[in-house]
Amino acid sequence: MQLSNFTVHDRVLLFIGFVLVLFFSSFHLFNSPETWMDEGLIIQSAEGILETGKAAVPIAPGVWEPAWYITTGFPLTLPLAGTFAVFGVSLEAARLVMLAFLLCLFGVFFLYARRAISGGAAWFGLFFLVFFAPIYGNGRNALGEIPGLLFLVLALLPLIQSGAISRRRALWAGVAAGCAVAAKPIFILFLPALLLTLVLRWKELELKKVFLIGIAGVIMPLIIWAYIQFDQVTLAQVLAVYANPHDVNVGAALVANTKRLLTEMQPLYFFAVFAVWALSYGVRRFRREAVSLVEETVLFFALLVLLAYLRTAGYYRYFFPAQVFALLYFPQSLLYLTKNYGRLFVRAILVSLFGLILFQAYETAFRSWVAVHYDSTRTQELEKYFSNLSLSEEVFIYQAPEIVSFVGKHPFYQYVEILPSVSAGKDYQHLVLSGKAPLVVTPYDLFERESKTTFRQYTLVSRITEYAVLTPPDRSK
């Protein structure tokens, strides 16, 4: 699928794909998905870089606390900080940065697919991604998965070319891989996957001369990440949180997530397309047919992500990067496995692929997490509330970090429990517990659960979508 050999049909498909990606990436971008805790913390971390030079979150007027526990690094937070420096801190500015990341991601996937996957299978794979709802669900929010995926594919591009790897290509791949890891630590699994593939092809690629250059390329972004992200924290603290952030029972998680892979729709879909891809790879290896370095690398990466997912809390986004590559290679793998079954059977497979793409298109357009929130008014109502609030009004944001980007110039305090063992603003939580905070904004469901404990000193005075506004009884009269 070389650009110089593009047919009219190729150009039409490229145009249609671009229009669809632009639509699904940008339609009601500021409303959907509704902003939530992780996005709020990442936006604050970027603001912290702008204000202090390090990843940090504001917990009181003029007081910043290190945000080493946020598992999204400078490949996203630096562009966010730069955008905030020009346009101010807002959810809209952050979402526009993510729109740029999404468009760039599909651009590099197009470059990757046309060079690494042959013929019509490349177009099938690309449209499986165009209509893959989790790309937009994870990508329209300011989260680290899409930037990490972008840098991972950028790391693969210089490795597509066969033969010995030059120093320039090794450095490019290393720097991009390091940026992927810094963007989201799940991509650290790409490094052992790539290393295993390189070891299997050591002589073919003449790596002795360039291996250390590639390692140096990986290390450079990690040094920047460590400097910005892990100030005033020990390695033991970082590993304790990153290795098991939700403090799950690993044995129970293995059983529950294995069951999910066989009984819940999205994990089952991922497992099925991955199994087809893995079977195709195994058959080609058994027959001693060629398998490209990049395909072997991302297959090993996807396998490691799958195995890592089994010991987690089970959120679907934890296997999202692997599912993206499994879908990209699924059409090529399925067509390879069925190519000797006769023309009629192959046509039936092609029809089935079209059917799956149409099914994904329907899910993405009407039933996805993004689609069901197109009409959300949370952003507008939060902006309206804080714009009408007196600038002298002091606010306490309790367990709702996503609200901070709406507060503007109001003086505010903040408390948030990120994990059972990690919180921010603990020193100021007593202001709420003692009833000294004059105005508290917190999730409404949290208020309902803890109205007799944490918020016993407060009265509900108003509600902003899913958030409760509380004041002490003597102030609400």
>> Assess the residue pair Glu296 and Arg201 against the criterion (salt bridge (Lys or Arg N to Asp or Glu O under 4.0 Å)); give the C-alpha distance rounded to whole Å, side-chain angles, the decisive distance to 0.1 Å, and a yes or no.
In response: CA-CA 11 Å; Glu296 192 167 55; Arg201 302 165 185 253; 3.0 Å; yes
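- Across all their heavy atoms, Tyr269 and Leu356 have their closest contact at OH-CD2, 4.2 Å.
- Taking a 6.0 Å sphere around CZ of Phe106, one finds it holds more than 12 heavy atoms contributed by other residues, nucleotides or ligands.
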> Given Thr465 and Glu34, is the side-chain contact (heavy atoms from CB on, under 4.5 Å) satisfied, shown in steps?
Replying inline: CA-CA 11 Å; Thr465 64; Glu34 292 180 331; over 6 Å; no
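- Shown are Phe270, Phe274, Phe301; of these, the ring-ring contact (aromatic ring centres under 6.0 Å, His included) with Phe319 is made only by Phe270.
- Geometrically, Arg463 engages Tyr444 in a cation-pi contact defined by less than 6.0 Å to the ring centre and at most 45° from the axis.
- Not less than 6.0 angstrom separates the ring centroid of Tyr136 from the ring centroid of Trp369.
- In this structure, Glu39 pairs ionically with Arg95, as a charged nitrogen and a carboxylate oxygen lie closer than 4.0 Å.
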>> ring pair (Phe, Tyr, Trp, His ring centres under 6.0 Å) for Trp277 and Phe325? Distances and angles first, verdict last.
In response: CA-CA 10 Å; Trp277 182 22; Phe325 284 107; 7.3 Å; no
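- Ring geometry for Trp123 versus Phe127: interplanar angle of 30 to 60°, hence tilted.
- Within a 6.0 Å radius of OH in Tyr315, other residues, nucleotides and ligands contribute 12 heavy atoms or fewer.
- The neighbour count for Lys259 NZ, taken as heavy atoms of other residues, nucleotides or ligands under 6.0 Å away, does not exceed 12.
- The ring-ring contact (aromatic ring centres under 6.0 Å, His included) search around Trp68 returns none, not counting sequence neighbours.
- In this structure, Gln161 CD and Leu293 CG are separated by 12.0 Å, a value rounded to the nearest 0.5 Å.
- We find that Arg284 and Glu295 are joined by a salt bridge, their nearest charged nitrogen and carboxylate oxygen being less than 4.0 Å apart.
- Taking a 6.0 Å sphere around CG of Leu262, one finds it holds more than 12 heavy atoms contributed by other residues, nucleotides or ligands.
- Only one option out of Phe131, Phe330, Phe354 pairs with Phe124 in a ring-ring contact (aromatic ring centres under 6.0 Å, His included); it is Phe354.
- Under the 4.5 Å side-chain criterion, counting only non-hydrogen atoms from C-beta, Leu157 is in contact with Leu154.
- Contact of the Val21 side chain with the Leu103 side chain is registered, since non-hydrogen atoms from C-beta on lie closer than 4.5 Å.
- Below 30°, between 30° and 60°, or above 60°: for Phe300 and Tyr281 the angle between ring planes is above 60°, a perpendicular geometry.
- Checking side-chain atoms of Thr197 against main-chain N and O of Ala193 turns up a donor-acceptor pair under 3.5 Å.
- A salt bridge links Arg317 with Asp38: the distance from a Lys NZ or Arg NE/NH1/NH2 to an Asp or Glu carboxylate oxygen falls below 4.0 Å.
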> Between Val181 and Phe190, is a side-chain contact (heavy atoms from CB on, under 4.5 Å) present by the stated rule, with each step listed?
Replying inline: CA-CA 8 Å; Val181 175; Phe190 176 71; 5.9 Å; no
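- Interatomic distance, Leu196 CG to Leu303 CG, rounded to the nearest 0.5 Å: 10.0 Å.
- Remark: side-chain polar atoms of Thr312 are paired, donor with acceptor, to backbone N or O of Tyr309 under 3.5 angstrom.
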